Structure formats: structure tokens, C-alpha cells
Number of protein chains: 4
Amino acid sequence: MNKAPKRRSLPPEARRKSIMDAALVVFSEKGFANARIEDIARHAGIGKGTVYLYFPDKESLFKSLISEALGPLLMTAHARLEEARLPPRETLGIFFDLIRTEVLGTEKRDLVQLMAMEMRNFPEIAEFYHDTIIRAGLALILRVLERAEARGELRSTAVLKVPQVIFAPALLSVIWNANFARYGDLDLDAAFDFYLDTLFKPAEGDAP
Amino acid sequence: MNKAPKRRSLPPEARRKSIMDAALVVFSEKGFANARIEDIARHAGIGKGTVYLYFPDKESLFKSLISEALGPLLMTAHARLEEARLPPRETLGIFFDLIRTEVLGTEKRDLVQLMAMEMRNFPEIAEFYHDTIIRAGLALILRVLERAEARGELRSTAVLKVPQVIFAPALLSVIWNANFARYGDLDLDAAFDFYLDTLFKPAEGDAP
Amino acid sequence: MNKAPKRRSLPPEARRKSIMDAALVVFSEKGFANARIEDIARHAGIGKGTVYLYFPDKESLFKSLISEALGPLLMTAHARLEEARLPPRETLGIFFDLIRTEVLGTEKRDLVQLMAMEMRNFPEIAEFYHDTIIRAGLALILRVLERAEARGELRSTAVLKVPQVIFAPALLSVIWNANFARYGDLDLDAAFDFYLDTLFKPAEGDAP
Amino acid sequence: MNKAPKRRSLPPEARRKSIMDAALVVFSEKGFANARIEDIARHAGIGKGTVYLYFPDKESLFKSLISEALGPLLMTAHARLEEARLPPRETLGIFFDLIRTEVLGTEKRDLVQLMAMEMRNFPEIAEFYHDTIIRAGLALILRVLERAEARGELRSTAVLKVPQVIFAPALLSVIWNANFARYGDLDLDAAFDFYLDTLFKPAEGDAP
DNA sequence: AATGAATGAGGATTCATTCAT
DNA sequence: CATGAATGAATCCTCATTCAT
């Protein structure tokens with residue numbers, strides 16, 4: 001005569017994943033402070049208490065979300081860009097494509113937006129993100145730019161002092177779409193094209 | 001049923017201002033949700049209840065902060081840029097200077113950061129900001145870019161489809177400095193130089 | 001060069017009265033707990049602090065209101081009823097008339113309603129009211145009823161055990177009109193007629 | 001960011017009931033405005049927050065209290081009086097008995113007192129109460145009185161214009177006992193007897 | 001393991017009261 | 001005398017967290 005039919009579906013790792021998926025949705029929509037654990041649980045189709053079997057508290061859930069999802073990001077990029085020894089312009093083109101398809105085109109976009117919103121409140125996240133992703137990403141980009149400079153293809157050396165600016169359009173896009181989508185989307189392709197068009201001189205030997 | 005010490009002082013407008021100043025500090029540091037009215041009051045050197053003599057509630061205080069400080073921003077820019085019929089590149093240079101000195105160099109920087117953080121939670125603010133500042137700002141920039149294009153000075157016409165990208169470095173700077181300042185400031189001058197260098201062709205008749 | 005034009009109109013006793021008038025209005029409308037001192041002050045056309053020059057606190061104001069207005073009530077009645085040695089039925093008729101014109105027809109009606117509402121929260125008021133008004137009023141009525149009984153005019157001696165019931169229609173009227181006036185007023189005249197018609201037998205020697 | 005002991009126990013409907021019981025006690029004692037949710041919780045032997053699991057806010061709790069307890073009141077009366085086609089005097093006698101045993105003799109008495117106190121502040125309650133109870137009650141009584149009149153048993157037809165007066169002794173009793181019990185209870189039996197004795201003529205054919 | 005009822009710390013807001021002007 | 005800006009105690013309500021089932 002069992003009364004509570006105790007669901008027992010997902011294996012633990014999958015359950016953990018489904019909670020993080022739900023958390024991404026809810027945190028993205030409301031921000032950390034306004035997201036209620038109960039909402040996340042409901043989204044994941046589980047009870048409130050269950051969340052605490054997988055994460056010690058709300059903050060941990062949030063931090064896990066950020067680090068586990070954004071961590072692997074650069075791996076791919078790095079590998080793919082380093083191996084192919086393409087001309088800088090093509091390399092950057094591929095990089096932009098990666099950003100577009102691997103981040104902005106997926107729900108990871110929401111994570112980036114979340115980070116921009118909440119980093120201020122979670123310095124450890126900022127630190128983790130900086131040490132793990134930013135630093136490596138900037139180094140990666142910087143190497144490409146320096147190669148371009150070495151080949152005399154860089155139109156302005158100023159960019160070597162702010163490699164971060166390469167990420168500006170992506171950041172802009174995330175923030176714009178999160179807040180102003182209803183007034184018209186931002187044309188990300190145009191933004192990337194603009195960068196590619198202006199950053200590099202035409203390939204050697206092209207028309208003057 | 002209460003006691004109550006006392007303290008008379010500031011004229012009402014000054015008091016209101018001092019509350020908004022304190023609010024900017026506290027909201028910037030903690031974000032809207034984590035800022036306690038009592039903190040703001042203490043920062044302003046007044047009692048909790050006094051805040052409510054000047055603002056009906058926490059949200060109003062926040063919104064007033066945003067709208068009263070950012071509202072007048074574009075006025076100046078617009079006036080100054082339109083009157084001076086300078087070449088596009090110079091015009092944009094002045095514009096960047098304005099951003100640097102009037103926004104990023106002042107505490108308004110914190111407001112922009114606050115907006116980027118909280119707009120998601122306050123759609124009315126996003127709307128107000130879009131209608132009041134963004135739209136006008138984009139139109140302003142677009143006119144400059146189109147003038148440049150008409151003069152054949154634009155290196156890539158792609159930017160005409162995303163005038164927002166002109167603001168990307170400023171946004172990046174705000175977010176970077178808010179979160180990663182301790183890892184080294186972002187070189188905003190270099191970013192602006194980079195834009196100016198690559199956006200425009202050398203003036204007509206210059207050396208090839 | 002005076003800046004504040006310091007009003008200085010009413011003499012102190014009149015000022016005190018005007019505050020109590022305002023208090024009656026506001027307390028009646030909102031009840032003690034929901035009435036704000038500031039509302040009362042505004043009603044009286046004075047500043048908030050001025051109220052405290054005449055009453056030490058909100059509760060005192062309320063109590064003064066009750067006791068000073070209801071206190072003198074019975075004086076009149078007593079005097080008028082005792083002196084005129086009319087038959088009981090006429091005496092009670094006059095008494096009902098007094099209630100109608102001196103209480104229910106004036107703003108004192110609101111005071112009675114206020115009392116019915118707030119006595120529970122102010123036992124001292126209940127005590128004062130009981131000792132000052134109720135006891136005397138019941139004694140007065142009881143004497144009339146006993147005179148009627150002595151003359152063999154009382155239809156039921158049960159009323160001698162609950163003289164309070166003589167006041168029931170007045171109380172009912174106050175509460176009904178305070179809460180249900182919009183659904184139609186209560187016919188107070190009919191209620192008093194009903195009492196007079198049923199309480200007493202027809203005068204001695206009348207037709208069977 | 002919180003701790004939390006525990007305690008499991010009552011089934012939900014019982015828990016809800018226990019909160020309403022506690023609420024009746026506390027609201028009756030202090031009135032709506034002065035009752036603290038925490039007091040009610042403590043009375044019910046539960047934590048503050050638990051109240052909010054069963055009622056969205058203080059006002060809802062109060063309104064539920066009123067409507068759920070007083071709503072069913074008339075059902076009984078109506079049924080019992082209509083079915084038994086007794087003479088008017090007996091019918092009214094039964095009605096008074098019902099009031100005495102079903103209302104004044106139970107804690108519902110406190111509810112009536114609460115209503116008399118708070119209706120002013122909650123017009124919706126007044127409306128609900130009027131539409132649900134009062135109207136039906138008055139119609140019920142009126143029918144009895146009219147039957148009496150048709151049978152020539154009514155001593156004064158004035159009562160047909162204020163059937164509310166039939167409830168006056170009950171109301172008086174509630175208010176008296178709530179406020180002046182310590183000075184001696186009101187003799188409710190005498191009051192009802194008085195009404196029954198005077199309202200109706202002796203049954204037809206009795207001695208003159 | 002999973003649940004959700006129960007808890008109480010935390011923070012927004014109100015308003016009686018004081019007192020500098 | 002009069003004023004109303006300033007104060008902070010008091011209370012409602014939310015929601016992260018716990019734990020009996």
C-alpha cells in the first residue's frame with residue numbers, strides 16, 4: 001500500500017543536467033536574485049527539495065551552471081584555429097563563425113548574457129571566467145592579430161593594445177538582443193563583416 | 001508609540017540629489033535586488049524612512065536614477081556634433097571624446113553598467129532608454145556614417161547596417177572595467193583609435 | 001524679512017475643537033488604526049505637528065473625542081425626562097425623539113459607530129462609557145419602565161431584566177446605516193413606533 | 001541563506017482549519033489592524049511563513065474567516081423554519097433559539113462581533129454579508145411576520161417596515177458581551193421573551 | 001532517492017512622534 | 001505657536017533551506 005509513487009526516472013547525471021538546463025532558462029529570464037528555486041524545480045519537472053540533492057545551494061547551482069557550460073567553449077576554438085594555419089583574415093572569419101554558431105546561435109547566448117548581468121555580484125565567477133576563458137581567448141586572438149601584423153596585413157596596430165575589442169560585437173549582440181530584440185534584431189553578420197573588412201588590408205597583391 | 005531623534009539640514013532638492021548619489025553607489029555595487037534601502041540611507045547619512053519622503057518606493061528611486069541621469073546625455077552630443085560641420089572622421093573623434101569625458105570618465109559609467117545589468121528586469125527602463133537615448137544616438141551616428149559614405153570615405157558599408165557597433169567599444173569598456181578592472185584596465189583610447197583608423201579611408205587626396 | 005508666514009488664526013480652544021472635529025471625520029471614516037494623524041491635520045487645515053500641541057498622542061486624541069462628545073449626552077436627557085412627569089409612554093416617546101434628534105441626526109451618530117467599532121481595543125473607553133453614560137442611561141430607562149409597570153401598563157415584565165434592549169434599535173440603526181446605507185436606509189421611525197406600540201398596553205380605560 | 005527546523009503533522013485541511021481558529025481568536029481580541037500574523041501563527045502552533053501557505057495574505061485570511069463561517073449560517077435556519085409550518089410565535093421562538101444555540105452560544109459570536117467592528121473597513125465583506133446573509137435572513141423573517149399579520153396576530157404593523165429590528169437584541173447582545181461583560185452579562189433570554197411577549201397578540205380565543 | 005510542508009531570516013514600507021527652524 | 005522634515009520601530013510578506021515522510 002504505497003502512497004507516494006516516488007518517481008525514479010533519470011539516472012543521476014542526467015537529472016543533474018536537467019536541473020542545470022532548467023536553471024539556465026529561469027536564471028536567464030529573471031536574473032539570479034529573482035529566480036526562485038521552486039521555479040527551477042518546476043521547470044525541471046521535479047520537487048523543490050530534489051534540487052538540493054544535486055547542489056548544496058542556489059549559488060552553487062548558479063556557479064556550476066556558468067563554469068560547466070562556458071568552460072569547454074574555448075577548447076574547441078583553440079584547437080580548430082591553431083591547427084589550421086590559415087591567413088589571419090580567414091582565421092578570424094572562422095572564429096566569428098564559431099562564436100555565431102557555437103555561442104550566439106545556442107542557448108549559451110543566455111549564459112553570456114547572464115554573466116554580463118551577474119558577474120558583478122559574483123566576483124569568484126568573474127575571476128574564474130577571466131582566468132579560464134578570457135585570458136586564453138585574448139591570447140588566442142592576439143596571436144592571430146600579431147601574425148597579421150607580421151604579414152603587414154593589419155590596418156591599425158591600435159587593436160594590438162585592446163584585443164578585447166574583437167569580442168565587442170558579440171557582447172553587443174548578446175546585450176542588444178536580450179533587451180531590445182522587440183525593436184529589431186541586431187545585424188550580427190554585418191558587424192562581423194565590418195570588422196573583417198576594416199581590420200585587415202586587402203591581401204597582398206590585390207588591387208591598390 | 002515611537003521615539004525619534006532629529007536633524008535638520010539640506011534643502012529638499014539637495015537632499016534628493018544626495019539620495020540619488022548614494023543610490024548610484026549602492027545600486028552599482030550590489031545591483032538592484034541586493035541593494036538595501038537602509039544601505040542607501042546610511043550612505044546618504046539619513047534615516048531609512050527619509051528615502052521614502054523623496055521616492056515612493058525602491059523601484060521608483062532606481063528608475064529616477066536611470067532616467068534623470070542618462071536622459072540629458074544625448075542633448076549635448078547632438079547639439080555639439082550637428083552644429084560643427086566637420087569631416088566625418090573628426091566628428092566621430094569628437095563623439096568618442098564626448099563618450100570618454102562625459103560618460104566613461106564620470107560616475108555615469110556606473111549607470112551604464114547598472115543599466116546593462118538590470119534592463120532585463122525592468123522592461124520599462126529598456127523601453128525608455130531605447131526610445132530616449134538609443135534611437136536618437138543611432139540616428140545621429142548613422143547620419144555621420146552616411147555623410148562619410150557619400151564622401152566616399154567609408155571603408156566598409158557593412159557598418160551602415162549595424163550602427164550600434166560604433167557603441168560596442170564603449171559598452172565593452174564599461175563591462176570590462178566593472179568586472180575585470182583588477183586584471184588590468186581596458187585601453188579605451190586604443191579602441192577608439194582602432195575604430196577611427198579602420199573605419200575611414202584616409203582623407204581624399206592623401207598619399208596612397 | 002520673515003519667510004514663513006506662520007498662520008495664527010484660531011484661539012487655542014477653538015483650535016482644539018477644530019482638531020477634534022477633523023478627528024471625528026477621519027476616525028469615523030477609517031477607524032482608529034487606519035486613521036493617519038496627518039489626515040486629521042490636513043482636515044483641520046493645520047500642520048501635523050500642531051496636533052501634538054493639543055494632544056499628547058493619537059490615543060489621547062481619540063479618547064478625548066469620545067469622552068468630551070458623548071459625556072454631556074445624558075445630562076440633557078436626564079433633565080428633560082425627569083422634570084416632566086409625563087406618562088411612561090410619552091416619556092419614552094420623548095426619549096426616542098431625543099435620541100433621534102440629538103444623536104442619530106447629528107454627527108454624534110458617527111461617534112457611536114466609532115465606539116461600537118473601537119471599544120474592544122480601548123477598555124478604558126468602554127469603562128468610561130459604561131460608568132458615565134450607560135449606567136445612568138439604563139437607570140433612567142429602568143425608572144420609566146418601573147413606573148409603567150407600577151401603573152400596570154407594561155405588556156411584558158421581561159424588559160425589566162434587560163433595559164438595554166430599549167437602546168437596541170438605536171444601536172442597530174447606527175450600525176446598519178454605517179455599513180448598509182447603500183442597500184437602503186433603516187426605517188428608524190418604524191422601529192421606535194414598533195417599540196412604543198408593543199411595549200405598553202393601551203392607556204387604562206381605553207377601549208378593550 | 002536560512003536555517004529551518006521542522007515538524008510534520010496535520011493534514012492540510014485540518015491545518016487550514018487550525019489557522020482559521022487561531023485567526024478568529026486573535027482577530028477577535030485585537031481587531032484586524034492590530035492582529036499580527038505572527039500572533040496568529042503562534043496561536044496555531046506554527047511558524048509565521050506557514051500561514052502564507054494557506055492564505056495569500058492577511059486580508060484573505062480575514063475574509064475567508066468571515067465568509068466560510070457565516071455563510072452556512074442561514075441554510076440551517078431557513079430549512080428548519082420553512083419546513084415546520086408552525087404558528088408565527090413558535091416559529092420566531094425557534095428562530096431565537098437557533099440564534100442562541102448556533103451563533104451566540106458558540107465562537108461564531110466572536111465572528112459577528114468582528115464583523116460589526118470591521119465591516120466599515122472592508123466594504124466587500126459588508127457587501128458579501130448583506131447579499132448572502134442579511135437579505136435572506138430579512139426575507140425569512142418578513143415572511144413569518146407577514147404570516148402573523150395575515151392571521152391577525154401582529155400587535156404592531158410597524159415592524160413590517162423594519163424587520164431588521166428582530167435582530168437587534170442579538171446584535172446588542174454580541175456587542176454588550178464583547179465590551180461590557182465584566183459589568184454583568186446581558187440577559188438574552190429576557191430580551192427574546194420580551195420580543196415574543198410583545199410582538200404577538202395572545203393566540204385567538206384566549207382571554208381578553 | 002524524492003518530496004513539499006514548514007520555517008524564519010531578511011528587507012520593503014508605513015506612520016506616530018520629535019524637534020530644528 | 002506652528003510646521004513638516006526626519007526618524008526608526010513595527011509588521012507584512014517572500015523564499016532559500018531543511019527534514020519527516
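Throughout, a chain's letter reflects where its sequence line sits, starting with A, and its residues are numbered from 1. Predicted, not measured: the structure shown is a model, and the values here were computed from it.
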Practice task
Searching all strands shown, indicate the nucleotide that pairs with F:dA2 (Watson-Crick or G-U wobble; both distances under 3.5 Å).
Solution key: E:dT21
Handout entry: Nearest to side-chain heavy atoms of B:I37, which nucleotide of E:dT7, E:dA12, E:dA2
Key = E:dA12
Practice task
Using whole Å, report how far CD1 of A:I46 lies from P of E:dA1.
Solution key: 13 Å
Exercise for the section: Let me know the distance between CZ of B:R36 and P of E:dG11, rounded to the nearest Å. Expected result: 5 Å
Problem - Proximal nucleotide (of E:dT13, E:dG11, E:dA5) relative to the B:Y52 side chain - result: E:dT13
Exercise for the section: Check whether any side-chain nitrogen or oxygen of D:K58 sits under 4.0 Å from OP1 or OP2 of F:dC12, and answer yes or no. Expected result: yes
Exercise for the section: Take the protein atom CD of B:E38 and the nucleotide atom P of F:dA9, then report the distance between them rounded to whole Å. Expected result: 9 Å
Under 3.5 Å, which donor-acceptor pairs link side chains of residues 18-31 of chain B to any protein atom two or more places apart or in another chain?
from: B:S18; atom 1: OG; to: B:R15; atom 2: O; distance (Å): 2.9
from: B:D21; atom 1: OD1; to: B:K17; atom 2: NZ; distance (Å): 3.1
from: B:D21; atom 1: OD2; to: B:K17; atom 2: NZ; distance (Å): 3.2
from: B:S28; atom 1: OG; to: B:L24; atom 2: O; distance (Å): 2.8

Exercise for the section: Would you tell me if any nitrogen or oxygen in the side chain of C:R15 comes within less than 4.0 Å of OP1 or OP2 on F:dC1? Expected result: no
Problem - C:F55 and C:F62 aromatic centres sub-6.0 Å - result: no
Exercise for the section: Please give the nucleotide sitting opposite E:dG8 as a Watson-Crick or G-U wobble pair, both distances under 3.5 Å, or none. Expected result: F:dC15
Exercise for the section: Tell which nucleotide pairs with E:dA1, taking only Watson-Crick or G-U wobble pairs whose two distances are both under 3.5 angstrom. Expected result: none
Handout entry: Worked verdict on B:E118 versus B:K63 for salt bridge (charged side-chain N to carboxylate O under 4.0 Å, His left out)
Key = CA-CA 11 Å; B:E118 302 289 356; B:K63 288 179 182 172; over 6 Å; no
Exercise for the section: Write down the distance between NZ (C:K48) and P (E:dA20), rounded to a whole number of angstrom. Expected result: 16 Å
Problem - Residue-phosphate contact under 4.0 Å: A:Y54 side-chain N/O, E:dA2 OP1/OP2 - result: yes
Exercise for the section: Check whether any side-chain nitrogen or oxygen of B:T50 sits under 4.0 Å from OP1 or OP2 of F:dA5, and answer yes or no. Expected result: no
